[in-house]
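So the structure is just underneath, and the comments pick up after that.
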Amino acid sequence: MNIQPAKHPPTSINELVKRAEVLAGLSLGELANLADIHIPKDFKRDKGWTGQLLEHYLGAEAGSNPEQDFPELGVELKTIPIDANGMPLETTYVCYCPLQNIAGIKWATSNVRNKLACVLWIPIEGSRDIPVSARRVASPFLWSPSHEQLHALQSDWEELMEMISLGEIENVTARHGEVLQIRPKAADGSVLTDAIGSKGTLIKTRPRGFYLRKQFTGALLAQHFGL
DNA sequence: AGTTGATCATTA
DNA sequence: TAATGATCAACT
């Protein structure tokens, strides 16, 4: 099969996985060159570069919609930077965290639950001592949470969302949550959004996002790589 | 201003 | 040195 950017979204999960498997072993430099995409020297100003490069090759629709990357397949795409041992170098962003109008939101229909229902993980070498262009794509794998994982995620989500609903968002830190955490998610500290305050009134606070802890994604990678 | 793609860099 | 809190760019 030729290595080239996808012209159309994959029509089946099998096709999507096949496309991803073809990329394994190739470097980001090779992929960027084939797509005629500029390669940054680091990700200081291009934090989402790798994810967008892979989206390009797999045929995901670009843009910022709070849906899965492949809505017709029910699959979410996640690149994850790994060290020399195949373990995660960063936490994994899941989705935006709602801070208001959350009265009717339930775990079963939450954005977190939806996004993580089925994920195509694509590990990529991410050590900073490897030049960006030389970093290689590792073997991809499709994952759906086990009952245990689902339960752990649900527990954290419900605990965190309860705090938010009680107006305690300012007391929520990244230390909360066993596998799922909440951290700021914005261009800088000046960005503010509405949230429920301590007295039930609206307050302004930094936007937040849900992230998967490295321990959690590390277990997925360990299983995948047979460690 | 919201949400996606995430990594950076200071703190503990 | 790992994790938290901060930050960057694109697109809508």
Side-chain angles (χ1 to χ4, degrees), chain A residues 5 9 20 28 31-32 35 37-71 75-85 87-102 105 110-112 114-116 119-133 135 137 156 160 164 169-195 202-218:
Chain A
L28 297 182
L31 294 177
I37 293 173
H38 173 73
I39 305 167
K41 71 174 191 297
D42 57 43
F43 295 147
K44 281 188 174 69
R45 308 189 71 85
D46 297 85
K47 297 178 194 282
W49 187 83
T50 306
Q52 288 166 359
L53 177 65
L54 270 289
E55 284 184 349
H56 191 56
Y57 271 92
L58 297 177
E61 301 297 334
S64 58
N65 44 316
E67 288 299 309
Q68 290 151 323
D69 294 304
F70 300 98
V75 176
E76 172 73 8
L77 173 68
K78 288 289 178 202
T79 59
I80 182 168
I82 57 172
D83 63 19
N85 298 315
M87 294 306 281
L89 284 164
E90 297 287 347
T91 55
T92 300
Y93 172 67
V94 179
C95 61
Y96 202 74
C97 176
L99 300 177
Q100 59 166 333
N101 302 133
I102 58 178
I105 302 180
S110 69
N111 216 217
V112 174
N114 180 246
K115 288 262 187 176
L116 298 183
V119 178
L120 177 63
W121 294 98
I122 303 186
I124 297 177
E125 290 180 332
S127 298
R128 293 194 202 181
D129 56 14
I130 306 174
V132 169
S133 64
R135 297 182 192 178
V137 178
D156 285 345
L160 292 164
I164 290 170
I169 181 58
E170 295 295 17
N171 295 327
V172 175
T173 74
R175 294 166 185 78
H176 290 84
E178 299 271 335
V179 300
L180 190 69
Q181 64 181 173
I182 286 178
R183 304 217 306 279
K185 176 67 166 146
D188 59 64
S190 72
V191 178
L192 296 174
T193 190
D194 288 330
L202 281 186
I203 61 168
K204 289 288 187 181
T205 190
R206 305 188 312 295
R208 307 298 209 280
F210 284 109
Y211 295 79
L212 293 175
R213 290 187 180 281
K214 285 196 278 186
Q215 176 181 308
F216 185 83
T217 51

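All values reported here derive from a predicted model rather than from experimental measurement. Every chain is numbered from 1, with letters handed out A, B, ... down the list of sequences.
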Item to check | Electrostatic pair A/Glu170:A/Lys204 at N-O distance under 4.0 angstrom | outcome: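 No.
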
> Given A/Phe210 and A/Ile182, is the side-chain contact (heavy atoms from CB on, under 4.5 Å) satisfied, shown in steps?
Replying inline: CA-CA 5 Å; A/Phe210 284 109; A/Ile182 286 178; 3.6 Å; yes

Ignoring backbone atoms, test whether [X] places a side-chain nitrogen or oxygen under 4.0 Å from the OP1 or OP2 oxygen of [N].
| X | N | value |
| --- | --- | --- |
| A/Asn111 | B/dT4 | yes |
| A/Thr193 | B/dG2 | yes |
| A/Tyr93 | B/dG5 | no |

Rounded to whole Å, how long is the line connecting atom [atom1] of [X] with atom [atom2] of [N]?
| X | N | atom1 | atom2 | answer |
| --- | --- | --- | --- | --- |
| A/Leu58 | B/dG5 | CG | C1' | 14 Å |
| A/Asp42 | B/dT7 | CG | P | 12 Å |
| A/Tyr96 | B/dA1 | OH | C1' | 8 Å |
| A/Arg208 | B/dT4 | CZ | P | 16 Å |
| A/Lys115 | B/dT3 | NZ | P | 11 Å |
| A/Leu77 | B/dG5 | CG | C1' | 10 Å |

- request: Kindly compute the distance separating CD (A/Gln215) from CD (A/Glu178), expressed to the nearest 0.5 Å.
  value: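 That separation rounds to 8.0 Å.
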
- In Å and rounded to the nearest 0.5 Å, what is the CZ to OG1 distance from A/Arg135 to A/Thr50?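 Here the interatomic distance stands at 7.5 Å.
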
Heavy-atom contacts, protein to nucleotides 3-9 of chain C, under 4.0 Å, summarised as B (base), S (sugar-phosphate only) or - (none) per nt, yield SBBBBBS

So, for A/Thr91 and A/Arg183, which heavy atoms are closest and what is the spacing to 0.1 Å?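 Looking at all heavy atoms of both residues, the closest pair is OG1-NH1, 3.1 Å.
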
